[in-house]
Each structure stands twice: as structure tokens, then as C-alpha cells.
J.: 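So that we are looking at the same thing, I have put the structure below in C-alpha cells.
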Number of protein chains: 2
Amino acid sequence: MNETPQWLSPAEQHAWRNFVRLHQKLRARMERDLQAHAKLSGADFEILVALTDVPAGRLRFQDLGRAVDWEQSRLSHQIARMIKRGLVVREECAEDARRAFVVITPAGRKTIEAAAPHHVATVRRLVIDALSPDELATLARISNRILEQLDEAPP
Amino acid sequence: MNETPQWLSPAEQHAWRNFVRLHQKLRARMERDLQAHAKLSGADFEILVALTDVPAGRLRFQDLGRAVDWEQSRLSHQIARMIKRGLVVREECAEDARRAFVVITPAGRKTIEAAAPHHVATVRRLVIDALSPDELATLARISNRILEQLDEAPP
DNA sequence: ACGTGTCAGTTGATGTGTCATGTACTCTAA
DNA sequence: TTAGAGTACATGACACATCAACTGACACGT
């Protein structure tokens with residue numbers, strides 16, 4: 001039906017490969033860094049940030065899911081693990097027994113507060129400071145563009 | 001010793017959050033796409049690409065590890081799974097019994113050849129075509145810059 | 001020949017992400 | 001008022017990543 005498949009040009013391939021490599025390396029690095037300094041996974045960190053973003057440190061399961069943009073199942077598993085480690089607790093909902101809240105514990109708060117400065121410093125050192133303000137803006141714009149593309153073409 | 005921890009400026013935070021979000025979404029999307037169309041994980045794909053990049057479709061374990069830039073253990077587990085699915089086979093090394101080769105099977109070759117065009121098309125549609133040539137070049141440059149930063153600051 | 005160190009790869013434990021399915025609860029409409 | 005649809009979350013099975021500990025093979029000096 002269609003012509004020979006459209007391969008990437010050398011420049012395109014170069015950009016794509018670099019980008020993929022960046023993904024993998026940066027992700028692995030951040031993960032190890034966080035683990036080493038705070039005994040937290042990136043997932044833990046994200047959840048704790050979302051919870052501390054709201055004053056009560058307490059969110060409905062679903063709202064938390066929206067905040068971090070995760071699937072329900074992933075969240076459920078993750079919260080179960082975090083409960084086991086005492087970072088958060090589950091709270092029943094009086095009005096609707098199906099619902100549940102996730103609440104950060106004092107230990108969880110302490111952990112995230114201890115972890116955040118170093119994490120931010122790492123982000124700054126590895127990413128922000130490596131780029132000019134212009135490049136940073138471009139990166140933000142590019143990211144947005146691709147994210148839109150993703151939303152537009154879900155099939 | 002140091003002042004109050006240096007948080008990110010709004011612009012920096014915006015860029016960083018977008019970038020992280022992009023990571024997660026794009027990765028998940030590519031993974032699902034590959035899985036749906038070719039029954040391959042991203043990991044499978046990477047291995048098969050590395051193997052087809054070399055004429056014999058056959059690489060020493062270690063060379064394969066360098067090609068995809070993975071840790072040994074990860075590679076070992078992955079290859080074990082791929083052997084079980086018939087995508088590759090292991091071959092002993094006559095000269096040095098410690099070494100081993102990984103060889104792509106005809107089935108593996110068929111799988112990757114079936115998967116690649118759709119995958120490339122997806123990359124093009126979601127990423128390449130969403131950006132101007134200038135932006136793409138900037139993305140490549142930025143990626144390189146950060147990768148260098150990662151290499152320079154391993155602790 | 002024989003330790004000893006190092007190399008190449010394996011294995012098991014644990015945490016993580018995804019899919020499909022399960023379950024308890026609530027709502028709605030006949 | 002109750003059957004059935006839909007909601008909110010849980011669970012089990014599996015693939016994947018990482019860490020640490022392990023095995024077996026080679027290399028080499030004594």
C-alpha cells in the first residue's frame with residue numbers, strides 16, 4: 001500500500017538517539033541519587049510531593065491519581081508499598097465507603113523534607129545549569145509540543 | 001554552611017515539570033505501541049536492533065552490553081527471557097568458556113523487521129514531525145549537553 | 001601443581017509498572 | 001425496592017530493573 005517505509009534522516013536519527021539516551025541515563029541517575037540519599041524511589045518522591053502540595057497532606061485516591069497522572073492500579077500498588085514503609089496511611093471515607101484517602105504521615109513529611117533540597121540541587125546541577133535560559137525555554141516548549149501530539153493521537 | 005536551599009524559579013520549574021512529564025508519557029506511549037503492534041517491549045526492541053545492526057546478528061554478551069549501554073545483570077535477565085520466547089539463542093565460545101554469544105533467531109529477525117516500520121512511523125509522527133528542524137537540532141544539542149553533565153558528575 | 005585475583009556471566013530478592021479481573025459499594029430507573 | 005449499571009479501589013500474574021552475592025573459568029607468579 002504505502003511506499004518504502006520512511007526512515008529517519010541522519011540528523012533526525014541523531015536527535016532521536018540522543019534524546020532516548022538522555023531519557024535512560026537521566027532517569028537512572030535521578031533514581032539512584034534519590035535512593036542513595038533519601039531511600040526513596042522516584043515514584044515515592046512524586047507521591048509525597050503531591051501530598052505535601054496540598055495543605056492537609058491528604059488526598060482522595062482519585063485526586064492523587066490525577067495529580068501525578070498515573071493509572072489507578074499503579075497508584076494502588078504504590079500506596080500499598082508506601083503504607084508498609086510508614087510513609088503514608090489510608091483513611092476510610094465516611095460518606096462513601098468506596099472512596100479512600102491517602103494521608104502523609106509525620107515520617108513521610110520528614111522524609112520528603114529531608115530529600116527535597118538535595119534533589120532540587122541535583123536537578124539544577126545536572127539539567128538547569130547545563131542549559132542557557134533560552135535553551136531551557138525551548139526545552140519547555142518542545143516538551144509541550146510533543147505532549148500535545150501525544151494527546152491528539154491516542155490510538 | 002549554605003543558604004536556604006535554592007529552589008527552582010517558576011520558569012525553571014515549568015521547564016523541568018514539562019520535561020519530566022514528557023519522559024513519562026512518551027515512554028509509556030512508545031512501550032504500549034510497541035507491545036500492541038509487535039508484542040515487543042522497548043527492551044526487546046533495543047536488543048534486537050543492536051543485534052541486527054551487526055551483519056552476523058551475533059554479538060558477545062559484553063559487546064551487546066556496551067552497544068545498548070546496560071548493566072550485565074539486566075542484560076542477562078533480559079536475554080534469558082528472550083531466549084524463552086525464541087527471539088535469540090545463546091552460543092558458547094570455543095576459545096574462552098567464560099564468554100558467550102547472543103544470536104538473533106530467524107523468528108527474532110522476522111519480528112524486528114515487522115516492528116521497525118511502524119515504530120519509526122510513530123517516532124516520526126509523535127516527535128519528529130512535531131518539531132521544526134531547528135528545534136530538533138536544539139533538542140539534540142540539549143540532550144548532549146546534559147549527557148556530558150551526567151558523565152562529569154558521577155558521584 | 002597451586003593458590004590467588006580477576007573476568008564473564010548467572011541467580012535470587014526486592015521493588016516497580018501494566019494488564020485483566022475482582023469486589024464492595026452507590027445510584028438509578030422500572 | 002430491587003436488579004442492573006457504574007464507581008472506586010484491590011488483587012494476582014507477569015515483565016522489567018537493580019542490587020548483591022555467587023559460580024566457573026582463565027591468568028599468572030611462585
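Letters go in sequence order (proteins before strands), and every chain restarts at 1.
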J.: Less than 4.0 Å between a side-chain N and a carboxylate O, is that true for B/Arg145 and A/Glu135?
T.: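 Salt bridge flag = yes for B/Arg145 with A/Glu135.
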J.: Whether the side chain of A/Glu12 engages the backbone of A/Ser9 through a donor-acceptor N/O pair (distance < 3.5 Å, no angle test) should be reported.
T.: yes
J.: Looking at B/Gln72, does any N or O in its side chain come under 4.0 Å of the phosphate oxygens OP1/OP2 on C/dG9?
T.: yes
J.: Rounded to the nearest angstrom, tell me the gap between atom CZ in A/Arg66 and atom C1' in D/dC9.
T.: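 So the CZ-C1' distance, A/Arg66 to D/dC9, works out to 14 Å.
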J.: Give the B/S/- string for nucleotides 2-7 of chain C, one per nucleotide from 5' to 3', where a protein heavy atom under 4.0 Å of the base yields B, of only the sugar-phosphate yields S, and otherwise -.
T.: -----B
J.: Are any side-chain N or O atoms of A/Thr105 and backbone N or O atoms of A/Leu87, one a donor and one an acceptor, separated by less than 3.5 Å?
T.: yes
J.: Distance-only, no hydrogens or angles: does the B/Ser143 side chain make a donor-acceptor pair with backbone N or O of B/Leu139 under 3.5 Å?
T.: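 Yes: the side chain of B/Ser143 pairs with the backbone of B/Leu139.
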J.: In whole angstrom, give the distance that lies between atom CG of B/Leu59 and atom P of C/dG9.
T.: 11 Å
J.: Quick one: does any side-chain atom of B/Glu31 pair with a main-chain N or O of B/Gly42 as donor and acceptor, under 3.5 Å?
T.: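 Side chain of B/Glu31 to backbone of B/Gly42: a pair is present.
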J.: Tell me whether A/Glu92 is salt-bridged to A/Arg99, with the criterion being a basic N under 4.0 Å from an acidic carboxylate O.
T.: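 No, no charged N to carboxylate O under 4.0 Å.
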J.: When the distance from CE of B/Met82 to P of C/dT10 is rounded to whole Å, what number comes out?
T.: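 From B/Met82 CE to C/dT10 P: 14 Å.
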J.: If you fit an axis to the five pairs at each end of the helix from C/dA1-D/dT30 to C/dA30-D/dT1, how big is the angle between those two axes, to 10 degrees?
T.: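 The end axes of the helix from C/dA1-D/dT30 to C/dA30-D/dT1 are about 10° apart, to the nearest 10°.
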J.: Would you say that more than 12 heavy atoms from the other residues, nucleotides or ligands in this model lie under 6.0 Å from the CZ of B/Arg85, or not?
T.: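 Yes - once you tally the heavy atoms of other residues, nucleotides and ligands closer than 6.0 Å, there are more than 12.
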J.: Measure from CZ on B/Arg29 to C1' on C/dG17 and round the result to the nearest Å.
T.: 18 Å
J.: In whole Å, I'd like the distance from the NE2 atom of B/His23 to the C1' atom of C/dG17.
T.: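 After rounding, the reported distance stands at 17 Å.
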J.: Using whole Å, report how far CD1 of A/Ile79 lies from P of D/dT11.
T.: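 Spelled out: CD1 on A/Ile79 to P on D/dT11 is 14 Å.
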J.: Can a cation-pi geometry be assigned to A/Arg58 and A/Phe101, taking NZ or CZ under 6.0 Å from the six-membered ring centre and within 45° of the ring axis?
T.: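 Ring-cation test returns yes.
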J.: In terms of the angle between their ring planes, are A/Phe19 and A/Trp16 parallel, tilted or perpendicular, with boundaries placed at 30° and 60°?
T.: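 Rings of A/Phe19 and A/Trp16: tilted, 30 to 60°.
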J.: In whole angstroms, how far is the P atom of D/dG24 from the CD atom of B/Glu92?
T.: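 Rounded to the whole Å, the gap is 14 Å.
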J.: Take the protein atom CG of B/Asp33 and the nucleotide atom P of C/dC19, then report the distance between them rounded to whole Å.
T.: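 Spelled out: CG on B/Asp33 to P on C/dC19 is 12 Å.
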J.: In the 5'-to-3' direction, what one-character label does each nucleotide of nucleotides 14-23 of chain D receive under the scheme B = base within less than 4.0 Å of a protein heavy atom, S = sugar-phosphate only, - = no such atom?
T.: --BSBBB---
J.: Take a 6.0 Å sphere around CZ of A/Arg21 and say whether it holds more than 12 heavy atoms from other residues, nucleotides or ligands.
T.: no
J.: Quick one: on DNA chain C, does A/Ala97 or B/Arg99 contact a more 5' nucleotide (nearest heavy atom)?
T.: B/Arg99
J.: Would you call B/Asp44-B/Arg81 a salt bridge at under 4.0 Å N-O?
T.: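 Between B/Arg81 and B/Asp44 there is no salt bridge, as every charged N stays at least 4.0 Å from the carboxylate O atoms.
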